[in-house]
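Every chain is numbered from 1 and lettered A, B, ... according to where its sequence line falls, protein lines coming before strand lines.
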Protein chains: 2
Amino acid sequence: MLQLRDLPTPETLHKFAQRYPEADISAISSFLHLLRVATDLSSALDECLQRHGLLQGRWWVLILLMREESLSSMPSTLADKAGVTRATMTGLLDGLERDGLVERIFDAQDRRRVSIRLTTSGQARLDQVMPDYYSRLRLCMAGLDEAQRAQLQAMLGHIASNVDAFTR
Amino acid sequence: MLQLRDLPTPETLHKFAQRYPEADISAISSFLHLLRVATDLSSALDECLQRHGLLQGRWWVLILLMREESLSSMPSTLADKAGVTRATMTGLLDGLERDGLVERIFDAQDRRRVSIRLTTSGQARLDQVMPDYYSRLRLCMAGLDEAQRAQLQAMLGHIASNVDAFTR
DNA sequence: TTGACATTGTTAGCTTCCTAACTATAATGT
DNA sequence: ACATTATAGTTAGGAAGCTAACAATGTCAA
């Protein structure tokens with residue numbers, strides 16, 4: 001995703017809007033601000049995770065496993081839930097297995113299947129990361145009270161319901 | 001950045017909050033929704049750009065060049081403005097130059113420097129992409145009126161000013 | 001029963017991001 | 001004047017994303 005260190009000035013937006021009459025200045029501005037804040041949050045999250053020797057993709061896989069009663073799931077399910085391809089998931093699991101945070105268990109019934117299981121070492125790593133992550137997140141969102149958070153989510157919902165307009 | 005196809009249910013959040021008392025449920029929820037919408041928007045943008053044979057990183061470089069009066073800039077400046085390292089910018093420029101959208105002009109005065117210039121072909125590509133992008137963006141943000149957009153930006157500002165709390 | 005199809009996971013090769021190290025050039029201080 | 005330091009850009013190697021192709025295994029219908 002774009003990093004967007006340098007958002008357009010009002011002058012720049014105006015200049016672009018002159019050349020491209022399709023431009024809706026406040027729409028562009030809101031969109032870019034949203035992406036900007038999201039990427040800033042994502043970078044901050046990266047930094048937090050790296051202190052614990054994790055990267056976003058791998059960390060999210062651990063969380064998905066911890067959500068399961070059995071602490072295990074299949075690569076294809078994990079790929080769907082994480083929003084990546086199965087090929088990408090293979091790579092993430094390779095890394096996690098190499099670090100001993102996860103183990104592959106081959107299914108004897110259906111020999112195409114593999115079960116991915118969170119190891120005790122993986123659980124321990126999460127127990128180390130999550131309190132830190134949650135504490136930081138609490139501080140980060142402290143600027144908004146409950147009502148504002150609800151309002152933010154409502155507005156995000158309005159956008160989300162129109163995202164397919166972008167694609168179509 | 002994470003794709004987050006599968007946000008946690010209230011039950012899952014509750015379960016995690018029991019294990020990790022640092023968790024602030026509404027903070028987590030708002031944070032994840034924000035990331036989710038941003039990544040959805042980013043994917044939609046990807047799809048739009050790919051129809052015109054562009055990728056986000058390269059597209060943004062073209063925009064940064066078009067902002068300049070001279071239609072040119074330096075790799076290091078572009079890297080700063082795009083929020084990527086100079087090494088990454090080298091790679092982006094390699095691709096853009098190979099496609100003829102940009103040209104490298106070596107500085108005779110200071111022989112360390114290279115000037116990157118948007119070619120007429122690069123400008124033409126932008127003229128093809130931008131109206132499409134702006135039209136889609138307009139539709140996508142149509143769910144929010146001007147007041148709501150201003151409100152959204154204000155709330156994003158509140159979060160942005162606390163992002164460093166995440167890092168520190 | 002066997003031929004066609006579907007599913008699971010992997011590999012291979014590309015892009016884009018990173019950090020660290022390097023080359024070449026310019027600027028500066030003693 | 002010359003050694004040090006700073007700057008500009010690149011290269012090398014890694015991670016994480018993609019698509020496309022593939023092997024192995026199951027399933028199902030004729």
Side-chain angles (χ1 to χ4, degrees), chain A residues 1-5 39-40 42-47 49-51 53-62 72-99 101-116, chain B residues 1-5 39-40 42-47 49-51 53-62 72-99 101-116:
Chain A
M1 189 146 113
L2 281 172
Q3 236 2 28
L4 298 177
R5 281 268 71 72
T39 54
D40 283 355
S42 180
S43 307
L45 175 58
D46 274 333
E47 198 172 320
L49 294 177
Q50 262 170 17
R51 296 180 192 192
L54 278 176
L55 296 168
Q56 275 192 41
R58 297 183 185 182
W59 170 71
W60 197 249
V61 171
L62 296 183
S72 56
S73 184
M74 286 167 40
S76 49
T77 307
L78 291 170
D80 287 345
K81 291 187 175 176
V84 300
T85 63
R86 283 176 295 168
T88 298
M89 186 52 65
T90 295
L92 291 174
L93 294 174
D94 284 346
L96 285 167
E97 192 178 34
R98 203 184 317 122
D99 291 352
L101 305 180
V102 133
E103 57 186 344
R104 281 182 166 93
I105 299 169
F106 297 91
D107 188 321
Q109 263 64 45
D110 184 340
R111 295 175 55 201
R112 293 170 304 181
R113 294 180 182 233
V114 181
S115 181
I116 305 299
Chain B
M1 189 145 115
L2 280 172
Q3 241 354 38
L4 298 177
R5 282 267 72 71
T39 54
D40 284 355
S42 180
S43 307
L45 175 58
D46 274 334
E47 198 170 321
L49 294 178
Q50 262 170 19
R51 296 180 192 192
L54 278 178
L55 297 168
Q56 274 192 41
R58 298 182 184 184
W59 170 70
W60 196 249
V61 171
L62 295 184
S72 56
S73 183
M74 284 167 42
S76 49
T77 306
L78 291 170
D80 288 345
K81 291 187 176 175
V84 300
T85 62
R86 282 176 295 169
T88 297
M89 186 51 65
T90 295
L92 291 174
L93 293 175
D94 285 347
L96 286 167
E97 192 177 33
R98 202 185 318 122
D99 291 350
L101 306 179
V102 132
E103 56 187 344
R104 281 182 166 93
I105 299 169
F106 298 90
D107 188 322
Q109 262 63 46
D110 184 339
R111 294 174 55 200
R112 292 171 303 182
R113 295 180 181 232
V114 180
S115 180
I116 305 300

Exercise for the section: Report, as a single string ordered 5' to 3', how protein heavy atoms within less than 4.0 Å touch nucleotides 21-29 of chain D: B base, S sugar-phosphate only, - not at all. Expected result: ----BS---
Exercise for the section: To the nearest 0.5 angstrom, please state how far the CG atom of D99(B) sits from the CG atom of D94(B). Expected result: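 Result: 11.0 Å between the selected atoms.
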Fill in the blank from the handout: CD (E47(A)) and OG (S42(A)) are apart, to the nearest 0.5 Å, by 12.0 Å
May I have the distance from [X] (atom [atom1]) to [N] (atom [atom2]), rounded to whole angstrom?
X: D94(A); N: dG17(D); atom1: CG; atom2: P; result: 13 Å
X: R58(A); N: dG17(D); atom1: CZ; atom2: P; result: 10 Å
X: W60(B); N: dT16(C); atom1: CH2; atom2: P; result: 16 Å
X: L49(B); N: dG17(D); atom1: CG; atom2: P; result: 20 Å
X: I116(A); N: dT8(C); atom1: CD1; atom2: C1'; result: 12 Å
X: L78(B); N: dG9(D); atom1: CG; atom2: P; result: 9 Å
X: D99(B); N: dT15(C); atom1: CG; atom2: C1'; result: 12 Å
X: L93(B); N: dT15(C); atom1: CG; atom2: P; result: 15 Å

Handout entry: Any side-chain heavy-atom pair of D107(A) and M74(A) under 4.5 Å
Key =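 Side-chain contact under 4.5 Å: no.
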Practice task
Side-chain contact test, heavy atoms from C-beta onward, threshold under 4.5 Å: evaluate it for L93(B) versus V114(B) and give yes or no.
Solution key: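 No, side chains not in contact.
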Completion exercise
Between L54(A) and the options D46(A), V61(A), L49(A), the side-chain contact (heavy atoms from CB on, under 4.5 Å) test singles out L49(A)
Practice task
Would you indicate whether R111(A), at its atom CZ, is surrounded by more than 12 heavy atoms from other residues, nucleotides or ligands within a distance under 6.0 Å?
Solution key: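 Open.
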Problem - DNA chain D: 5'-proximal contact among T88(B) and V84(A) (nearest heavy atom) - result: T88(B)
Exercise for the section: Assign each of G91(A) and P75(B) to its nearest nucleotide of DNA chain D by heavy atoms, then name whichever residue's nucleotide is nearer the 5' end. Expected result: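 Mapping each residue to its closest nucleotide by heavy atoms, the 5'-most match is P75(B).
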Exercise for the section: For side chain to side chain contact (heavy atoms under 4.5 Å, CB included), just list the numbers for M89(B) and I116(B), CA-CA rounded to whole Å, side-chain angles, deciding distance to a tenth of an Å, and then say yes or no. Expected result: CA-CA 11 Å; M89(B) 186 51 65; I116(B) 305 300; over 6 Å; no
Problem - Phosphate-side-chain proximity, R86(B) and dT10(D), N/O vs OP1/OP2 below 4.0 Å - result: no
Practice task
Examine dG9(D): is either OP1 or OP2 under 4.0 Å from a nitrogen or oxygen in the side chain of T90(B)? Give yes or no.
Solution key: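 So the side chain of T90(B) is outside the cut-off, no N or O lying under 4.0 Å from OP1 or OP2 of dG9(D).
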Fill in the blank from the handout: The nucleotide from dT11(C), dT10(D), dT16(C) with an atom nearest the side chain of L92(B) is dT16(C)
Practice task
Among the candidates dC18(C), dT10(D), dT16(C), find the nucleotide nearest to the side-chain atoms of L55(B).
Solution key: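 Selected nucleotide: dT16(C).
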Practice task
Describe the nucleic acid contact of S76(B) in one word from base, sugar-phosphate, nothing, applying a heavy-atom distance below 4.0 Å.
Solution key: sugar-phosphate
